[in-house]
Asks: 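Below is one structure. I have some questions about it.
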Amino acid sequence: MNYRYSSLMDYVKPSPVAEMLHFSADPTLISFAGGMPDATIFPVEELRAAFDRALAEKGAQALQYSTPEGLPSLREKVCERMARAGVKCSLDNVLLTQGGTQGIDLVAALFLDRGDTILCENPTYMGAMGPFDVRDVNYVSIDIDDEGMNIELLEKALKEHPEAKMIYVIPDFQNPTGVSMSVERRRRIVELANQYDVLVLEDNPYRELRFDNQEMPSIKSFDTQGRVILLGTFSKTLCPGLRLGWAVAEKEIVSRLTTLRTAADMQCSSIAMYAVDAYLEAADFDGHIREIRRVYKEKKDCMIDAMQRHFPKGITHTNPEGGLFLWLTFPEKVDAGRMLRELVIPRAKTVYMPGEAFYCHAPHKNTCRMNFSGRSMEEIEKGIAALGEVFCQVF
């Protein structure tokens, strides 16, 4: 059969994430490649009670169709949590989504035409490039440093690309580097967006995973003209299997995003929305988040300590203040992907995510992303020691 696929498939590439998830499921390997939360601290019993309560109190209603925007009482709770990030919003400003990635896809569908220009961090989240690639966008990459996206380079790019439509940015514990944006740069991004008439897509799934328990203002909190769209998710604070996230934007944008989502999947899971709503009513969600922060900080510290003891000189890494990831940079001539396939997996039985997957163009092949949240302390020590043995033979 000669299948006649749509022209969109010319822009769809196999996802490196899918391959890494297969590695994560392989019991013979220690995988630091995925973006896995720690399943041992999922609030299983509390969620079980929440599902029971949802079915007991709502009955068939919890199993029936709901509204495309999402359960109103849960959207109200999202508004309350967004207020902590300095964002004032109402029900009309919130759309519940199937995780954060659907939010990216819907925003891309709403605003991006084929060939449009978007500005993003360099490197950036590979999962966002899928929805952007399908629109055949023109990427302009902005280098980051230890305070996030370089604002001088961003302004230069905006001057050089007056056709730019959107800035895509992950301000807190960026995926893949773990770097966080300073408050002043968050403010300046909004000022530049206003000046050059572009939208800002603020992808913020890790915001609440700050190890020092402090709350940082979101980019959206500085929005004065309704041009920032904020995406959040329960995947990193409750569990990814719920597939519940949200978009916060101006009423007009939310209305149009809702129209788009009805053409895709109509709504989020009714029972999942009712259960999360019941969980937030009865459980100590903030206490659960504090426990996540404590555990992830211990794991991050464990990984860095192990790398300092086992890795040879010449390998540098970030030291994030939250989130799920570290970013490693090897000596310039190293191809981290090739090294993974030819040496690391066969010898160390350990996996990382090669950094080249996170670049829109001109990838830095001497980089990789390491996830510290998804493995136990013992696995971190064992895996880093095994990696160190291979690296010491190579460098």
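Keep in mind that the numbers below use all heavy atoms, side chains included, and drop hydrogens, waters and symmetry copies. Index from 1, following the sequence.
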Asks: Suppose we call two aromatic rings close when their centres sit under 6.0 Å apart. Are Tyr359 and His364 close by that rule?
Replies: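 Between His364 and Tyr359, which both carry aromatic rings, the centre distance is below 6.0 Å.
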Asks: Between the side chains of Gln214 and Asp212, does any donor sit under 3.5 Å from an acceptor?
Replies: no
Asks: Does a donor on one side chain and an acceptor on the other come within less than 3.5 Å for Asp38 and Thr40?
Replies: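 The criterion, which ignores hydrogens and geometry beyond distance, is satisfied for Thr40 and Asp38.
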Asks: My understanding is that a hydrophobic cluster links ILVMFWY residues whose side chain heavy atoms are under 4.5 Å apart, including indirect links. Using that, what else belongs to the cluster containing Phe42?
Replies: Val44
Asks: I'd like to know if Asp145 pairs up with Arg185 as an ion pair, taking the criterion as any Lys NZ or Arg NE/NH1/NH2 lying under 4.0 Å from an Asp or Glu carboxylate oxygen.
Replies: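 Here Asp145 pairs with Arg185 in a salt bridge, since their nearest N and O are under 4.0 Å apart.
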Asks: About how many Å separate OG1 of Thr367 and CE of Met353, when rounded to the nearest 0.5 Å?
Replies: 11.5 Å
Asks: If we ignore angles and hydrogens, is there a donor and acceptor under 3.5 Å between the side chains of Thr224 and Asn194?
Replies: yes
Asks: With a 3.5 Å distance limit and no angle check, can you tell me whether Arg293 reaches the backbone of Glu208 through a side-chain donor-acceptor pair?
Replies: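 Flag set: sc Arg293 to bb Glu208 pair under 3.5 Å.
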Asks: Please table the atom pairs, donor to acceptor, closer than 3.5 Å between any side-chain atom in residues 240-254 and protein atoms at least two apart or in another chain.
Replies:
| unit_1 | atom_1 | unit_2 | atom_2 | d |
| --- | --- | --- | --- | --- |
| Arg243 | NH1 | Ser235 | OG | 3.3 |
| Arg243 | NH1 | Pro240 | O | 3.1 |

Asks: With sequence neighbours left out, write down each residue that passes salt bridge (charged side-chain N to carboxylate O under 4.0 Å, His left out) with Asp146, or none if nothing qualifies.
Replies: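 Asp146: no salt bridge (charged side-chain N to carboxylate O under 4.0 Å, His left out) contacts found.
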Asks: Who are the side chain to side chain donor-acceptor pair (under 3.5 Å) partners of Asp301, not counting sequence neighbours?
Replies: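 Partners of Asp301 by the side chain to side chain donor-acceptor pair (under 3.5 Å) criterion, ordered by chain and then number, come out as Lys297.
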Asks: Taking side-chain contact (heavy atoms from CB on, under 4.5 Å) as the test, write out the residues that go with Asp223, two or more places apart.
Replies: Lys220, Arg227, Val228
Asks: With sequence neighbours excluded, what pairs up with Val394 under the side-chain contact (heavy atoms from CB on, under 4.5 Å) test?
Replies: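 side-chain contact (heavy atoms from CB on, under 4.5 Å) check on Val394 returns Met339, Leu343, Val390.
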Asks: So, does Glu46 use its side chain to make a donor-acceptor pair with the main chain of Ala283 at under 3.5 Å?
Replies: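 Answer holds: no.
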Asks: Pair up each side-chain donor or acceptor in residues 310-326 with any protein partner under 3.5 Å, not counting sequence neighbours, and list the distances.
Replies:
| unit_1 | atom_1 | unit_2 | atom_2 | d |
| --- | --- | --- | --- | --- |
| His310 | NE2 | Glu381 | OE2 | 2.9 |
| Thr318 | OG1 | Thr177 | O | 2.8 |
| Thr318 | OG1 | Trp327 | N | 3.0 |
| Asn319 | OD1 | Lys300 | NZ | 2.6 |
| Glu321 | OE1 | Arg210 | NH1 | 3.4 |

Asks: Are any of the side-chain nitrogens in Asp52 or Arg48 under 4.0 Å away from the carboxylate oxygens of its partner?
Replies: no
Asks: List for me each residue that meets side chain to side chain donor-acceptor pair (under 3.5 Å) alongside Asp105, sequence neighbours excluded, and say none if there are none.
Replies: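 Partners of Asp105 under the side chain to side chain donor-acceptor pair (under 3.5 Å) test: Arg135.
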Asks: Considering residues at least two apart in sequence or located in another chain, which fulfil the side-chain contact (heavy atoms from CB on, under 4.5 Å) criterion with Tyr3?
Replies: Met1, Tyr5
Asks: Begin from the C-alpha positions of Val94 and Cys89 and carry the test side chain to side chain contact (heavy atoms under 4.5 Å, CB included) through to its verdict.
Replies: CA-CA 8 Å; Val94 179; Cys89 56; 4.2 Å; yes
Asks: Any donor-acceptor pair under 3.5 Å linking the side chain of Ser218 with the backbone of Ser221?
Replies: yes
Asks: Using a 6.0 Å cut-off, check whether atom NZ of Lys299 has over 12 heavy atoms from anything other than its own residue.
Replies: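 Yes.
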Asks: Kindly compute the distance separating CG (Leu71) from NZ (Lys58), expressed to the nearest 0.5 Å.
Replies: 8.0 Å
Asks: Side-chain contact, heavy-atom cut-off 4.5 Å: Val198 with His161?
Replies: no
Asks: Are the side chain of Glu69 and the backbone of Thr258 linked by a donor-acceptor contact shorter than 3.5 Å?
Replies: no
Asks: Determine whether Met181 and Ile189 satisfy the following criterion, side chain to side chain contact (heavy atoms under 4.5 Å, CB included), listing intermediate values before the conclusion.
Replies: CA-CA 10 Å; Met181 183 176 291; Ile189 281 183; 3.5 Å; yes
Asks: Test salt bridge (charged side-chain N to carboxylate O under 4.0 Å, His left out) on Asp286 and Arg84 and set out the steps.
Replies: CA-CA 12 Å; Asp286 289 333; Arg84 301 183 183 189; 2.9 Å; yes
Asks: Mind checking whether Phe211 and Tyr296 have ring centres under 6.0 Å apart?
Replies: no
Asks: Under the side chain to side chain donor-acceptor pair (under 3.5 Å) rule, collect the residues that match up with Thr117, sequence neighbours excluded.
Replies: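 For Thr117, the residues satisfying side chain to side chain donor-acceptor pair (under 3.5 Å) (neighbours in sequence not counted) are Asn138, Glu163.
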Asks: Under a 4.0 Å threshold between the charged nitrogen and the carboxylate oxygen, would Lys77 count as salt-bridged to Glu281?
Replies: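 A salt bridge links Glu281 with Lys77.
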Asks: Salt-bridge test for Lys156 and Glu160: reply yes if a basic N is under 4.0 Å from a carboxylate O, no otherwise.
Replies: yes
Asks: Sequence neighbours left out, what passes side-chain contact (heavy atoms from CB on, under 4.5 Å) with Glu184? Give chain and number order.
Replies: Ser182, Arg187, Arg188
Asks: Please test Leu257 against Val107 for side chain to side chain contact (heavy atoms under 4.5 Å, CB included), starting from the C-alpha separation and ending with a verdict.
Replies: CA-CA 7 Å; Leu257 290 174; Val107 171; 4.2 Å; yes
Asks: I need the Glu155 CD to Asn150 CG distance, nearest 0.5 Å.
Replies: 11.0 Å
Asks: Do NZ/NE/NH1/NH2 and the carboxylate oxygens of Arg186 and Asp172 come within less than 4.0 Å?
Replies: yes
Asks: Can you tell me if Arg256 has over 12 outside heavy atoms packed within less than 6.0 Å of its CZ?
Replies: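 It does not: Arg256 CZ has 12 such atoms or fewer within range.
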Asks: For atom CZ of Arg338, is the number of surrounding heavy atoms from other residues, nucleotides or ligands below 6.0 Å larger than 12?
Replies: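 No, not enclosed.
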Asks: How about Glu57 and Tyr274: does a side-chain donor come under 3.5 Å of a side-chain acceptor?
Replies: no
Asks: How long is the span from the CD1 atom in Ile292 to the CZ atom in Arg294, to the nearest 0.5 Å?
Replies: 11.5 Å
Asks: More than 12 non-hydrogen atoms from neighbouring residues, nucleotides or ligands closer than 6.0 Å to CD on Gln225, yes or no?
Replies: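 Above 12, so yes.
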Asks: Not counting sequence neighbours, which residues clear side chain to side chain donor-acceptor pair (under 3.5 Å) with Asn175? List them please.
Replies: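 By the side chain to side chain donor-acceptor pair (under 3.5 Å) rule, Asn175 matches Tyr206, Arg369.
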Asks: Leu106 vs Gln98, test: side chain to side chain contact (heavy atoms under 4.5 Å, CB included). Steps then yes/no.
Replies: CA-CA 11 Å; Leu106 290 173; Gln98 298 268 16; over 6 Å; no
Asks: Is the ring pair Tyr352/Phe330 parallel, tilted or perpendicular, if the boundaries are 30 and 60 degrees?
Replies: tilted
